[in-house]
There are 2 protein chains.
Amino acid sequence: MSTSKQLPQPDRGEIRVDAVLQALGEPVRLTIVRALAGAPEGIACGELELPVTASTRAHHLRTLRESGVLTTRTEGTRRISKLRRDDLDALYPGLLDGVLAAKQ
Amino acid sequence: MSTSKQLPQPDRGEIRVDAVLQALGEPVRLTIVRALAGAPEGIACGELELPVTASTRAHHLRTLRESGVLTTRTEGTRRISKLRRDDLDALYPGLLDGVLAAKQ
DNA sequence: ATCGTACTACGATATTCATCGAAGTTCGAC
DNA sequence: GTCGAACTTCGATGAATATCGTAGTACGAT
């Protein structure tokens with residue numbers, strides 16, 4: 001069967017700013033977030049080009065999801081991740097844009 | 001002698017967003033940043049009420065200073081810390097305000 | 001010069017966490 | 001059904017780091 005299914009994540013009220021900042025404060029994860037910011041439709045995990053193995057990538061995606069930064073839905077064997085821009089902007093207006101404005 | 005002296009810190013161009021986010025993503029340090037945000041004149045380290053010892057507090061202040069979040073100047077035996085709001089706002093507009101907007 | 005205050009630096013410890021490989025799951029295709 | 005692809009979970013390992021106590025420095029006051 002398997003229609004598209006959402007993986008477990010905190011809802012807006014459960015998101016903690018500590019967790020979000022800690023999630024963003026890691027180079028690989030920040031790279032993921034930047035990639036997602038440029039792809040409003042979401043990106044499949046495997047399409048991300050990162051200097052780590054698939055299992056490490058999965059670990060980072062889980063961290064980002066559990067902290068509330070992104071949402072992941074299953075589509076067949078693929079997992080599509082999207083930034084939770086609306087929630088983050090509502091909770092911490094300017095935070096995400098500020099981070100993405102960073103030159104490097 | 002001892003006129004007021006600035007402790008070593010990165011200048012604006014050397015600040016890295018990874019380091020800033022990682023510095024902010026720790027509960028004790030975030031508490032410090034919130035306190036500093038409410039005191040534009042700066043705060044002496046010892047005036048901060050935190051659930052850690054003085055040496056741990058010093059460690060967190062160093063982390064915040066070396067990442068570029070705050071600046072510290074010596075005044076007699078006291079060390080006054082101030083948020084580097086202008087630099088952070090210039091580099092990452094909205095980031096700091098977004099973080100401080102967090103309810104909890 | 002002695003004392004007390006305000007902090008920092010050092011060394012140690014324990015926890016957290018980024019990383020990997022290997023094994024497992026889930027799905028689509030054949 | 002079998003196969004392969006996409007991804008996750010598990011267990012292990014090594015590195016980073018939050019914490020502490022102790023010792024030290026720097027300064028102002030007496």
Side-chain angles (χ1 to χ4, degrees), chain A residues 1-9 16 18-33 35-36 39 41-67 69-82, chain B residues 1-9 16 18-33 35-36 39 41-67 69-82:
Chain A
M1 193 189 294
S2 78
T3 46
S4 171
K5 195 193 161 200
Q6 187 112 313
L7 269 59
Q9 63 181 38
R16 292 172 311 130
D18 296 39
V20 170
L21 290 167
Q22 190 174 355
L24 295 176
E26 206 280 337
V28 174
R29 289 196 289 261
L30 195 50
T31 302
I32 294 173
V33 169
L36 291 180
E41 307 309 313
I43 295 188
C45 312
E47 295 173 4
L48 295 166
E49 292 181 7
L50 298 167
V52 294
T53 63
S55 60
T56 300
R57 182 168 52 224
H59 165 251
H60 285 309
L61 286 167
R62 171 197 270 258
T63 299
L64 287 166
R65 176 167 49 81
E66 290 181 345
S67 69
V69 174
L70 56 79
T71 186
T72 304
R73 69 175 190 280
T74 301
E75 269 185 15
T77 71
R78 309 174 72 100
R79 301 214 166 172
I80 311 294
S81 294
K82 275 175 64 175
Chain B
M1 191 189 300
S2 79
T3 46
S4 171
K5 195 193 162 201
Q6 186 112 312
L7 269 59
Q9 63 181 37
R16 292 172 311 131
D18 295 40
V20 170
L21 290 168
Q22 190 175 353
L24 295 176
E26 204 281 336
V28 174
R29 289 195 289 259
L30 194 50
T31 302
I32 294 173
V33 169
L36 291 180
E41 309 308 314
I43 295 187
C45 312
E47 295 173 5
L48 296 164
E49 292 181 8
L50 298 167
V52 293
T53 64
S55 60
T56 301
R57 182 169 52 223
H59 164 251
H60 284 309
L61 286 167
R62 172 197 269 258
T63 299
L64 287 166
R65 177 167 49 82
E66 290 182 347
S67 69
V69 173
L70 57 79
T71 186
T72 304
R73 69 174 190 282
T74 301
E75 269 186 12
T77 72
R78 309 174 72 100
R79 302 214 165 173
I80 311 294
S81 294
K82 274 175 63 174

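Convention: sequence-line order gives letters A, B, ...; per-chain numbering from 1.
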TODO: Provide, to the nearest angstrom, the distance between the CZ atom belonging to A:Arg65 and the C1' atom belonging to D:dC7.
DONE: 12 Å
Open item on the list: I need the CG-P distance between B:Leu64 and D:dT17, as an integer number of Å.
Closed with: 13 Å
Task: Listed nucleotide nearest any side-chain atom of A:Glu26, set D:dT9, C:dT19, D:dT19 - done: C:dT19
TODO: Ignoring backbone atoms, test whether B:His60 places a side-chain nitrogen or oxygen under 4.0 Å from the OP1 or OP2 oxygen of D:dT19.
DONE: yes
Open item on the list: Check this one for me: any side-chain N or O of B:Thr56 less than 4.0 Å away from OP1 or OP2 of D:dC20?
Closed with: yes
- [ ] Report yes if at least one side-chain N or O of A:Arg57 is closer than 4.0 Å to OP1 or OP2 of C:dA18; otherwise report no.
- [x] no
Task: Touch class at under 4.0 angstrom, heavy-atom based, for A:Glu47 against every strand present - done: nothing
Open item on the list: Nearest whole Å is fine: how far is D:dT17 P from B:Leu21 CG?
Closed with: 14 Å
Task: Nearest-Å distance for atom pair CG/P, residues B:Leu7 and D:dT25 - done: 17 Å
- [ ] Answer yes or no: is there a side-chain heavy-atom contact under 4.5 Å between B:Ser81 and B:Thr72?
- [x] yes
Task: Gap between atoms CD1 and C1', on A:Ile32 and D:dC7 respectively (whole Å) - done: 14 Å
Task: Spacing between A:Arg73 atom CZ and C:dC27 atom P, to the nearest angstrom - done: 16 Å
Task: Closest nucleotide among D:dC7, C:dA6, C:dC7 to the B:Thr77 side chain - done: C:dA6
Open item on the list: Using whole Å, what does the distance between atom C1' of nucleotide D:dA6 and atom CZ of A:Arg78 come to?
Closed with: 8 Å
- [ ] Taking only the side-chain heavy atoms of A:His59 (C-beta and beyond), determine which of C:dT19, D:dC20, D:dT8 contains the nearest atom.
- [x] C:dT19
Task: Phosphate contact (C:dT16 OP1 or OP2) by A:Gln22 side-chain N/O below 4.0 Å - done: no
Task: Distance test, side-chain N/O of A:Arg29 to OP1/OP2 of C:dA18, below 4.0 Å - done: yes
- [ ] State which of C:dT8, D:dC7, D:dG21 makes the closest approach to the side chain of B:Thr53.
- [x] D:dG21
Open item on the list: Could you tell me if the side chain of A:Leu50 sits less than 4.5 Å from the side chain of A:Thr31, heavy atoms only?
Closed with: yes
- [ ] To the nearest Å, give me how far apart CD1 (B:Ile43) and C1' (C:dC7) are.
- [x] 16 Å
- [ ] Ignoring hydrogens and angles, tell me if any N or O in the side chain of A:Arg65 forms a donor-acceptor pair with the backbone of A:Pro8 under 3.5 Å.
- [x] yes
TODO: Check whether any side-chain nitrogen or oxygen of A:Arg62 sits under 4.0 Å from OP1 or OP2 of D:dT9, and answer yes or no.
DONE: yes
- [ ] Would you indicate whether the side-chain heavy atoms of A:Arg29 and A:Val33 approach each other to under 4.5 Å?
- [x] no
Task: Heavy-atom check, side chain of A:Arg16 versus side chain of A:Gln22, under 4.5 Å - done: no
Open item on the list: Check this one for me: any side-chain N or O of B:Arg79 less than 4.0 Å away from OP1 or OP2 of C:dT8?
Closed with: yes
